[in-house]
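To start, the structure under review is shown below, and the notes come after it.
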Amino acid sequence: MTTGVTSPSLQAAVAELQRGVAGLSGRRPALSQQIRSGALVLATPASLPETGPLLQDLGATGWLLRSTRLQGRDVTLIAANTDLGLLYGSFAWLRAAQTGADLARLDQRSAPKIGLRLLNHWDNLDRTVERGYAGQSLWDWWKLPDIRDPRYADYARANASLGINGTVLNNVNAKAESMTAPFLAKAAALAEVFRPYGIKVWLSARFSAPMELGGLKTADPLDPAVRAWWQAKANEIYQAIPDFGGFLVKANSEGQPGPQDYGRSHADGANMLADALSPHGGIVLWRAFVYAADASDRAKQAYAEFQPLDGRFAANVIVQVKNGAIDFQPREPFHPLLGAMPGTPLALELQITKEYLGFATHLVYLGPLFQEVLQADTGHGGTVARVVDGRLGGQRLTAMAGVANIGTDRNWCGSQFDQANWYAFGRMAWDPDQPARTVAQEWVAQTFTTRPAARDAVAELMMASREAVVDYMTPLGLHHLMGTGHHHGPAPWVDNLERADWNPVYFHRAGRDGIGFDRSPSGSHAVAQYAPAVARRFADPRTTPPELLLWFHHLPWDHEMPSGRTLWAELITRYDRGVATVDDMRRRWAALQPDIDAERHAEVAAYLAVQAREARWWRDACIAYFQSASGLPLPAGVRPPEYDLAHYKALRFSFAPGRGG
């Protein structure tokens with residue numbers, strides 16, 4: 001039941017239902033009867049006025065699924081206020097069907113809690129992908145706009161099924177050429193493919209583009225000629241892409257140009273771009289990932305630069321903040337900016353691609369990491385989730401971004417389980433209160449098996465995986481121990497890089513006196529950037545969670561841990577626990593062979609074998625190094641590293657993936 005005129009989004013919804021019902025009926029005969037027993041009715045208040053009262057709290061894109069009677073027959077109603085809502089509702093019905101819901105007794109409703117749910121592609125114009133582990137960039141810039149790969153539509157379908165509604169096409173380390181007319185035509189072609197699925201195209205903007213493309217002698221955001229150039233460029237972009245989302249900007253970080261080059265603030269730079277986009281309804285996402293070579297503690301800089309600017313950003317600017325203050329580590333405390341800028345919309349930036357978590361090789365489900373940061377109590381009156389969804393500060397603009405792990409590999413993401421991280425991001429961006437375990441169970445039921453015992457067994461394996469990688473890589477709050485440049489494998493010994501904060505020794509500071517970065521009041525005092533109650537907890541080793549201990553404190557090796565072990569013994573115990581957990585993951589996966597198709601079971605088993613070997617490498621190399629730093633013997637019964645420290649230091653990985661840029 002629809003209106004006579006159908007929009008592209010409604011056509012997409014009907015096509016997804018037809019495709020999905022055909023596939024489900026063919027694979028699952030028991031479900032087929034349920035599907036045939038009740039008609040599916042898609043309706044908005046325009047086509048079925050009686051749905052209006054049912055949808056008042058669902059906004060433009062929320063949806064309702066309900067088993068009911070219409071005109072004397074049993075039906076399943078998929079209702080929404082807009083056709084895009086019907087598309088989301090259709091995907092929700094398919095998800096319910098795939099995960100085993102009773103389709104004859106449906107009563108579900110949902111609306112997104114966060115307005116902008118974006119993928120950030122760190123894709124370069126030559127099709128390399130920075131920190132990408134799934135092949136080349138999906139965007140074949142050379143062939144666009146004339147040749148449109150069918151996978152572009154599949155990409156849009158996959159994202160719409162999760163409620164993702166925007167994609168930043170190019171790397172935050174942007175090239176000015178991405179905003180030239182030929183590349184805007186290519187972006188417009190992608191926007192045309194994505195539009196029926198509710199996905200807007202965004203671009204990373206290079207701050208110095210007025211000089212590189214416009215021939216200006218400055219990019220000073222207060223210069224009238226610079227402002228005029230950006231206004232003209234915005235007009236040009238919206239002429240090509242009428243529903244363009246806006247700009248993502250990395251400025252004054254890691255060598256990127258920005259307003260500080262001219263003595264201006266981040267607010268000056270962001271507001272200049274915001275003025276250019278404002279007539280068109282565009283938005284600026286201004287990243288807060290900044291650090292300087294002379295910083296005494298890199299973790300403090302973003303707060304120091306941005307918090308004083310609270311309330312000074314234009315109404316269409318969102319400051320995009322990483323989940324932690326360093327750089328997507330296996331574990332970080334939540335970023336102190338989150339909750340500390342009540343007058344500014346803040347987006348949460350998460351990394352879906354596993355730059356510091358074993359690339360695409362290691363099975364690491366990121367749902368628990370996402371949940372950990374979202375549910376962290378900021379001390380400012382609510383959780384990070386309440387900051388991001390706008391409820392804490394009453395923000396109108398809300399956003400959550402994920403650095404994409406998508407490429408041209410057949411499975412999109414580089415390995416089977418990495419698809420779960422794309423899925424988890426989408427589901428938790430729609431609803432940041434979604435439990436990671438529930439999301440894992442959903443994904444497993446749609447990907448591998450609906451048998452409850454097997455589904456739960458796979459989900460439990462996934463839930464254990466993130467803590468395992470923390471244990472065998474960076475336990476007890478250690479961070480940034482990875483190899484130089486490629487970030488692959490352990491290298492806690494590196495101390496010869498140009499900038500102090502590029503060296504792992506800067507972060508762990510291991511020596512005869514102990515280990516850890518002192519961010520307490522006696523050290524860098526980074527704890528002071530948190531709300532008072534949180535700062536007090538992190539300032540004292542006795543109240544700091546053990547999982548974050550060495551993030552905030554430099555402690556002697558004989559410091560007594562809550563377990564009763566010394567810090568040295570506890571560190572080794574955690575490394576051993578990580579290795580043991582991966583071994584257990586392999587055993588659990590082997591036992592699931594009857595429930596998983598042979599090809600994918602064998603592929604995952606092969607990846608887990610690599611992970612087990614590399615977990616031992618991490619454990620052995622780090623213990624060898626930290627033993628050399630501490631001068632302490634291994635505790636009784638501990639297996640010594642397989643090789644000496646010199647062996648691990650000599651390893652080289654010249655062509656590791658993910659270094660495009």
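Just so you know, residue 1 is the first one in the sequence shown, and it goes up from there.
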In the structure I gave you, are the side-chain heavy atoms of R206 and K250 within less than 4.5 Å of one another anywhere? no
Answer yes or no: is there a side-chain heavy-atom contact under 4.5 Å between R264 and D220? yes
Got more than 12 heavy atoms from elsewhere within 6.0 Å of CD, E498? no
Please lay out, stage by stage, how F247 and L277 fare under the test side chain to side chain contact (heavy atoms under 4.5 Å, CB included). CA-CA 9 Å; F247 294 139; L277 295 175; 3.7 Å; yes
Can you check side-chain hydrogen bond (donor to acceptor under 3.5 Å, both in side chains) on E355 and Q351, steps first, answer last? CA-CA 8 Å; E355 175 182 357; Q351 192 174 50; 2.7 Å; yes
State whether the side chain of T344 and the backbone N or O of G311 hold a donor-acceptor pair below 3.5 Å, judged by distance alone. yes
Is any side-chain heavy atom of P432 closer than 4.5 Å to a side-chain heavy atom of I114? yes
Keeping the roles fixed (side chain from D310, backbone from Q307), state whether a donor-acceptor pair exists under 3.5 Å. no
Would you check if V290 and F306 make a side-chain contact, meaning some heavy-atom pair closer than 4.5 Å? yes
Determine whether F207 and M272 make a side-chain contact, defined as any pair of heavy atoms from C-beta on separated by less than 4.5 Å. yes
Using modelled atom types and a 3.5 Å cut-off, is there a donor and acceptor pairing between side-chain atoms of S90 and backbone atoms of L86? yes
Would you check if the side chain of T44 reaches a backbone N or O of T82 as a donor-acceptor pair within less than 3.5 Å? no
Closest heavy-atom pair, A325 versus H335, reported as atoms and distance to 0.1 Å, is CA-CD2, 3.5 Å
Salt bridge (charged side-chain N to carboxylate O under 4.0 Å, His left out) with D140: which residues, sequence neighbours excluded? R127, K143
Distance col, row L203:CG vs H121:NE2, nearest 0.5 angstrom, shows 12.0 Å
Can you confirm whether or not the ring centre of Y356 sits under 6.0 Å from the ring centre of F328? no
Residue pairs involving residues 334-350 (criterion salt bridge (charged side-chain N to carboxylate O under 4.0 Å, His left out); sequence neighbours excluded): R287-E349
So does A347 get a backbone contact from the side chain of Q320, meaning a donor-acceptor N/O pair under 3.5 Å? no
N124 and N171: CA distance, side-chain angles, deciding distance, side-chain hydrogen bond (donor to acceptor under 3.5 Å, both in side chains) verdict: CA-CA 6 Å; N124 300 307; N171 198 342; 3.0 Å; yes
Looking only at heavy atoms, the pair that brings T61 and P112 closest together is OG1-CG, 3.4 Å
Search all heavy atoms of A424 against all heavy atoms of V439 and return the closest pair with its distance. CA-CG1, 3.7 Å
Partners of R391 by salt bridge (charged side-chain N to carboxylate O under 4.0 Å, His left out), sequence neighbours excluded? D389, D433
How many angstroms lie between SG in C413 and NZ in K354, if you round to the nearest 0.5 Å? 9.5 Å
Sub-3.5 Å donor-acceptor pair from the side chain of N271 to the main-chain atoms of A314, do we have one? yes
For D123 and S137, test the side chains for any donor-to-acceptor distance below 3.5 angstrom and give the result as yes or no. yes
If you measure only the distance, is there a donor-acceptor pair under 3.5 Å linking the side chains of D83 and S7? yes
Under 3.5 Å: donor-acceptor pair, side chain of R95, backbone of W443: no
Nearest heavy atoms of E332 and I326, plus distance in Å: OE1-N, 2.8 Å
Pairwise distance CG(L55) to CH2(W63) - rounded to 0.5 angstrom: 12.0 Å
Those residues at least two apart in sequence (or on a different chain) that pass ring pair (Phe, Tyr, Trp, His ring centres under 6.0 Å) with Y262 are none
Any side-chain donor-acceptor pair under 3.5 Å between T6 and Q11? yes
With sequence neighbours left out, the residues meeting ring pair (Phe, Tyr, Trp, His ring centres under 6.0 Å) with F289 are Y291
Nearest non-hydrogen partners of N316 and L397, listed with the distance: CA-CD1, 3.9 Å
Under 4.5 Å between any side-chain heavy atoms of L392 and T378, yes or no? yes
Report yes or no: does N170 contribute a side-chain atom to a donor-acceptor pair with the main-chain N or O of S204 at less than 3.5 Å? yes
Please tell me whether H280 and F244 form a close aromatic pair, meaning their ring centres lie under 6.0 Å apart. no
Can you tell if the side chain of V388 reaches within under 4.5 Å of the side chain of L346, non-hydrogen atoms only? no
For D275 and S278: C-alpha separation, side-chain torsions, deciding distance, then whether side-chain hydrogen bond (donor to acceptor under 3.5 Å, both in side chains) applies. CA-CA 5 Å; D275 287 346; S278 183; over 6 Å; no
Hey, does Q260 have a side-chain heavy atom less than 4.5 Å from the side chain of H266? yes
For the pair R298 (side chain) and W502 (backbone), establish whether a donor and an acceptor sit closer than 3.5 Å, ignoring hydrogens and angles. no
Side chains of residues 182-200: which donor-acceptor pairs under 3.5 Å do they make with residues two or more places apart or in other chains?
unit_1: K186; atom_1: NZ; unit_2: W141; atom_2: O; d: 2.7
unit_1: K186; atom_1: NZ; unit_2: L144; atom_2: O; d: 2.6
unit_1: R195; atom_1: NE; unit_2: D243; atom_2: OD1; d: 3.4
unit_1: R195; atom_1: NE; unit_2: D243; atom_2: OD2; d: 2.8
unit_1: R195; atom_1: NH2; unit_2: D243; atom_2: OD1; d: 3.0

A205 and V249 have their tightest heavy-atom pair at O-CG1, 4.1 Å
Please evaluate residues T167 and Y155 with respect to the criterion side-chain hydrogen bond (donor to acceptor under 3.5 Å, both in side chains), reporting the C-alpha separation (whole Å), side-chain torsions for both, the decisive distance (0.1 Å), and the verdict. CA-CA 11 Å; T167 184; Y155 166 89; 2.7 Å; yes
If I take atom CD from residue E236 and atom CD1 from residue I241, how far apart are they, to the nearest 0.5 angstrom? 10.0 Å
So L285 and W202, side chain to side chain contact (heavy atoms under 4.5 Å, CB included) or not? Walk me through it. CA-CA 10 Å; L285 288 161; W202 297 61; 3.6 Å; yes
Do Q136 side-chain atoms and V129 backbone N/O form a donor-acceptor pair below 3.5 Å? no
Here's a test for you: under side-chain contact (heavy atoms from CB on, under 4.5 Å), which of L118, N165, D154, L119 qualifies with N159? L119
Decide yes or no on side chain to side chain contact (heavy atoms under 4.5 Å, CB included) for V168 and L248, but give the supporting numbers first. CA-CA 7 Å; V168 184; L248 173 66; 3.9 Å; yes
Kindly compute the distance separating CG (N173) from CD (Q256), expressed to the nearest 0.5 Å. 4.5 Å
To the nearest 0.5 Å, what is the distance between CD (Q371) and CE (M428)? 5.5 Å
Y88 and W430: aromatic ring centres closer than 6.0 Å? yes
